[in-house]
Amino acid sequence: MNIHEYQAKQLLKGFGAPVAEGVAITSADEAEAAARSLPGPLYVVKSQIHAGGRGKGKFKELGAEAKGGVRLAKSVEDVVTNAREMLGNTLVTAQTGDAGKQVNRLYIEDGADIDRELYCSLLVDRGTGRVSYVVSTEGGMDIEAVAHDTPDRIQTIDIDPEAGVTEANIAEINAALKLDGAAAEDGAKLFPILYKAFLDTDMSMLEINPLIVMENGRLRVLDAKVSFDGNALFRHPDIKELRDETEEDAKEIEASEWDLAYVALDGNIGCMVNGAGLAMATMDIIKLYGKEPANFCDVGGGASKEKVAAAFKIITADPNVQGILVNIFGGIMRCDVIAEGVVAAVKEVGLEVPLVVRLEGTNVDAGKRILNESGLAITAADDLDDAAQKIVAAVG
Ligand code: ADP
Ligand code: MG
């Protein structure tokens, strides 16, 4: 689960991290009061969307010359003018895709006098099985280019879970970021704080880009992007509250309510499967025969007829879906239950695209009988190859 920058900063502030003062607003009428509550004379108006690259982003509705999704403002009036221009418009960044994201909330923040922009993130390193700091002196808006062109400017420091963040680790991070004096003292406080926040709230990623050295030599967290481990959210009802469903794919929300794993992709064949391994195999074989999956919905083991019907509806709700492949191996999941769910869903929502069903395993004969006797235009397939070839041919 992701949260907004302003929420991430509030959270980090609670752990003692140095963040700027700021106020989140959802209407331009609130902009003036928000700005007046800040020290000034420099302000920043920041689009709150669940995507990075806002500074270099462009608003769809505004001309190419218009400023991006993070704007400096030199007066209260300037804050208000920018807030009016930005709110309600669609910001397209390198991370949003062409559709962009509507900006429904702004964060009005105290402007900082920046000396240097650094990069600091924490993540779970699968290689070492540890939480690692990934740091670079080349922070700011081009970290992707740094990673691509000069990867040697990015350093990884992993943390021993028994020892936590040691003095040696701090020295290493400070050195990697070329911090000294007051900034190094701030670093010695900040780096363990970030680690504690990461562990205590079950984050899967914490990215501060930029972490800045201000002209007065102190450190400040200027941007913050946080993702939490969805499997640990039950331990954090307060963090669950921070979820902003308007930022998420509506179909993925619907799927999570049914405890279905749904993933939207770019092709045009919708896939209903059970189990992640079968999902991968199904997508591979669709690609092998020359098409791309539009999505996959994993109904898991032991799904009910209602759950299968919900999965089917989620798959068909995607306008890119030009054909559907149901590929189920009935182990715990019974083929007749799948068949009943599919038939019920088709009867309810109709079937406007070709549907190929491949069932194998427990109660397969009963499942096939239900499909055959349904009177619906369902193409039965015998195995994975047959199923993929049939759906690819049907989509054309
Ligand atoms: P994004 O990463 O989505 O582009 P950031 O929050 O990193 O958004 O902002 C982009 C850039 O805007 C930063 O690299 C920094 O140069 C500038 N900036 C952001 N917040 C402030 C601030 N409070 N004061 C001064 N400059 C800021
Ligand atoms: Mg940033």
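Remember, it's 1-based here, ligands and their atoms both numbered in the order they're listed. All values below were derived from every heavy atom in this structure, side-chain atoms included, with hydrogens, water molecules and symmetry-related copies excluded. The model shown is predicted, which means the values in this text are computed figures rather than measured ones.
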**OP:** Apply side chain to side chain contact (heavy atoms under 4.5 Å, CB included) to the pair Gln155 and Tyr133, showing each step before the final yes or no.
**Re:** CA-CA 8 Å; Gln155 291 188 48; Tyr133 285 80; over 6 Å; no

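- By the 6.0 Å contact criterion, CZ on Arg153 is open, its count of non-hydrogen atoms from other residues, nucleotides or ligands being 12 or less.
- A heavy-atom cutoff of 4.0 Å around ligand 1 is satisfied by the protein residues Val44, Lys46, Gly52, Gly53, Arg54, Gly55, Val70, Leu72, Glu109, Asp110, Gly111, Ala112, Ile114, Glu117, Met141, Asn209, Pro210, Leu222, Asp223.
- The number of heavy-atom neighbours closer than 6.0 Å to CG of Asp238, taken from other residues, nucleotides and ligands shown, is above 12.
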Residues 360-369 side chain polar contacts: donor-acceptor under 3.5 Å, at least two apart:
from	atom 1	to	atom 2	distance (Å)
Thr362	OG1	Gly330	O	3.1
Thr362	OG1	Gly331	O	3.1
Asn363	ND2	Asp336	OD1	3.2

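- The nearest N/O/S atom of Asp223 to the Mg ion (ligand 2) is OD2.
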Report, one line per pair, each donor and acceptor closer than 3.5 Å where one atom sits in a side chain of residues 274-282; sequence neighbours left out.
from	atom 1	to	atom 2	distance (Å)
Asn274	OD1	Phe329	N	3.1
Asn274	ND2	Phe329	O	2.7
Thr282	OG1	Leu278	O	2.6
Thr282	OG1	Asn327	ND2	2.9

Review item, side-chain donor-acceptor pairs of residues 90-99, under 3.5 Å, at least two apart:
from	atom 1	to	atom 2	distance (Å)
Thr90	OG1	Glu61	OE2	2.7
Thr93	OG1	Gly52	O	2.7
Thr93	OG1	Gln95	N	3.0
Thr93	OG1	Thr96	N	3.4
Gln95	OE1	Gly52	N	2.7
Gln95	OE1	Lys225	NZ	3.0
Thr96	OG1	Thr93	N	2.9
Thr96	OG1	Thr93	O	3.1

